[in-house]
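Taking it in order: structure first as structure tokens, then the write-up.
Computation of the quantities below employed the complete heavy-atom set of this structure, encompassing side-chain atoms and omitting hydrogens, waters and symmetry-equivalent molecules. This is a predicted model, so every value here is computed, not measured.
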Amino acid sequence: MKIVLVSVVRDFDMYDRCIRNNPHVGESEFVPLDNRARNEGIPVGYNRFLDSRPPDEDAWYVFCHEDFELKAPLDLSQVDPSSLWGPIGAATQVVWGVYHRWQLVGAVEERRKDGSNLRTVGTAVPQGTPVETFDCQCLIVHSSLVQRHCLRFDEALTFDLYAEEFCIAAHEKAGVVSRILPLSACHWSGGSVQPRYLTQEAHVNAKYPNVCYTGTSSWILGGNPPLCRRLTVGLKRLLRGRGVNWHIFLWVFKR
């Protein structure tokens with residue numbers, strides 16, 4: 001099965017060390033998208049890649065950061081192409097039908113660019129464990145899924161939450177499930193919540209006003225403003241599960 005490794009790259013030394021010269025990637029095709037001059041949003045490069053591929057291609061696309069290092073062979077031969085896959089994502093656990101405990105699902109190593117502060121993030125789970133979204137460091141999708149459902153990345157999400165939104169869109173549009181693929185891997189950086197992140201989180205929330213998803217960096221994506229989320233997410237999920245329109249409920253409640 002053909003595997004294509006796709007990365008938007010600004011640091012080619014890091015890219016060569018983690019990806020191009022990695023002994024665990026086998027006969028994969030490398031697609032480094034040079035972003036040193038343009039400095040455009042990562043989804044723009046990813047969509048340009050998707051638009052450039054043959055419409056009948058049979059391949060796995062592995063969208064990963066330039067500093068995502070595989071530490072064991074990448075084998076996708078027994079992976080279901082009808083799902084999205086990644087090594088680490090997020091899910092929520094319902095407690096008493098109201099409170100939702102945020103969970104990292106799947107595990108990767110994480111360290112600083114200089115190699116210090118090595119630690120394991122998340123919890124290892126069996127292959128196929130469902131999650132709501134994946135972290136942007138690695139998202140794996142089969143070409144047939146992209147073609148069948150015309151999947152694309154949201155270019156408004158320049159450097160944050162584009163993988164999470166891809167998962168949400170695929171699930172809302174076509175019922176595509178995101179599942180954990182255990183990988184021995186190390187991410188040579190860690191995310192942080194900056195003003196840009198909060199702006200892009202607000203974009204996702206406005207785009208999906210009637211749904212709730214969890215992200216690895218966001219307790220709840222979609223729906224209500226931050227101060228209301230933990231109080232209302234359980235009710236929103238309950239109403240959605242019973243086919244009740246959340247906006248109608250809010251209108252009645254405000255009356």
Side-chain angles (χ1 to χ4, degrees), residues 4 6-8 33 40-53 55 57 59-65 79-92 100 102 105-106 128-181 191 196-224 229 233 236-237 240-241 243 245-247:
V4 185
V6 189
S7 301
V8 171
L33 305 171
E40 60 190 6
I42 289 176
V44 174
Y46 282 176
N47 285 340
R48 186 182 299 118
F49 163 80
L50 290 175
D51 292 338
S52 71
R53 307 305 290 189
E57 184 168 42
W60 284 101
Y61 300 150
V62 180
F63 296 98
C64 58
H65 286 181
V79 177
D80 179 5
S82 67
S83 294
L84 301 178
W85 297 87
I88 187 167
T92 46
H100 284 60
W102 173 77
V105 184
T129 300
V131 292
E132 296 174 20
T133 63
F134 293 119
D135 189 85
C136 290
Q137 62 187 270
C138 183
L139 166 67
I140 303 171
V141 56
H142 194 268
S143 58
S144 62
L145 206 60
V146 172
Q147 297 153 9
R148 186 180 312 123
H149 302 300
C150 299
L151 300 180
R152 290 294 184 275
F153 292 89
D154 186 337
E155 296 183 8
L157 302 169
T158 54
F159 295 102
D160 303 293
L161 297 170
Y162 50 86
E164 288 89 337
E165 194 280 333
F166 192 93
C167 296
I168 297 171
H171 189 262
E172 290 296 306
K173 182 178 182 179
V176 176
V177 178
S178 297
R179 301 185 184 278
I180 291 295
L181 178 67
R196 180 195 68 202
Y197 181 97
L198 297 176
T199 298
Q200 298 192 26
E201 182 185 62
H203 171 79
V204 176
N205 296 341
K207 188 173 182 178
Y208 301 98
N210 200 37
V211 300
C212 288
Y213 288 79
T214 298
T216 56
S217 300
S218 293
W219 197 301
I220 297 299
L221 292 170
N224 292 290
R229 287 186 193 159
V233 63
K236 288 179 67 175
R237 287 177 183 267
R240 185 178 64 180
N245 186 286
W246 174 247
H247 294 297

Scanning both residues in full, the closest heavy-atom pair of V131 with R179 reads CG2-N, 4.4 Å
Carefully, step by step, assess E201 and L161 under the rule side chain to side chain contact (heavy atoms under 4.5 Å, CB included). CA-CA 7 Å; E201 182 185 62; L161 297 170; 3.8 Å; yes
The reported gap from CD1 in I168 to OH in Y213 (rounded to nearest 0.5 angstrom) is 6.5 Å
Rounded to the nearest 0.5 Å, the CZ atom of F159 sits from the CD atom of E40 at a distance of 8.5 Å
Lys/Arg N to Asp/Glu carboxylate O, D154 vs K207, below 4.0 Å: yes
Between V204 and E164, does the side chain to side chain contact (heavy atoms under 4.5 Å, CB included) criterion hold? Intermediate values first, please. CA-CA 9 Å; V204 176; E164 288 89 337; over 6 Å; no
Note: V105 and I180 closest approach over all heavy atoms is O-CD1, 3.3 Å
Heavy atoms of S178 and E132 approach each other most closely as OG-O, 4.2 Å
Please evaluate residues V146 and R53 with respect to the criterion side chain to side chain contact (heavy atoms under 4.5 Å, CB included), reporting the C-alpha separation (whole Å), side-chain torsions for both, the decisive distance (0.1 Å), and the verdict.
CA-CA 11 Å; V146 172; R53 307 305 290 189; over 6 Å; no
NE2 (H171) and OH (Y208) are apart, to the nearest 0.5 Å, by 12.0 Å
When rounded to the nearest 0.5 Å, the distance separating CG of L181 from CD1 of I88 is 13.0 Å
Exercise for review: Verify side chain to side chain contact (heavy atoms under 4.5 Å, CB included) between L33 and R48, making sure each step is shown before the conclusion.
Suggested key: CA-CA 9 Å; L33 305 171; R48 186 182 299 118; 6.0 Å; no
Rounded to the nearest 0.5 angstrom, the CD-CG distance for E155 and N47 is 4.5 Å
N/O donor-acceptor pair under 3.5 Å between W85 side chain and D80 backbone = yes
Between F134 and A163, the two heavy atoms sitting closest are O-CB, 3.9 Å
Using atom types as modelled and distance alone, determine if a side-chain donor or acceptor of H142 lies under 3.5 Å from a backbone N or O of S144. yes
Rounded to the nearest 0.5 angstrom, the CG-CD distance for D160 and E165 is 13.0 Å
Taking every heavy atom of H65 against every heavy atom of C136, the minimum-distance pair comes out as NE2-O, 3.4 Å
For R152 and D51 the tightest heavy-atom approach is NH2-OD1, 2.8 Å
Practice item. Can you label the angle between the F153 ring and the Y162 ring as parallel, tilted or perpendicular, going by 30° and 60°? Key: perpendicular
### Task
Look at the rings of Y46 and F63 and say which category their plane angle falls in: under 30° parallel, 30 to 60° tilted, over 60° perpendicular.
tilted
Open item on the list: With a 3.5 Å distance limit and no angle check, can you tell me whether S7 reaches the backbone of C64 through a side-chain donor-acceptor pair?
Closed with: yes
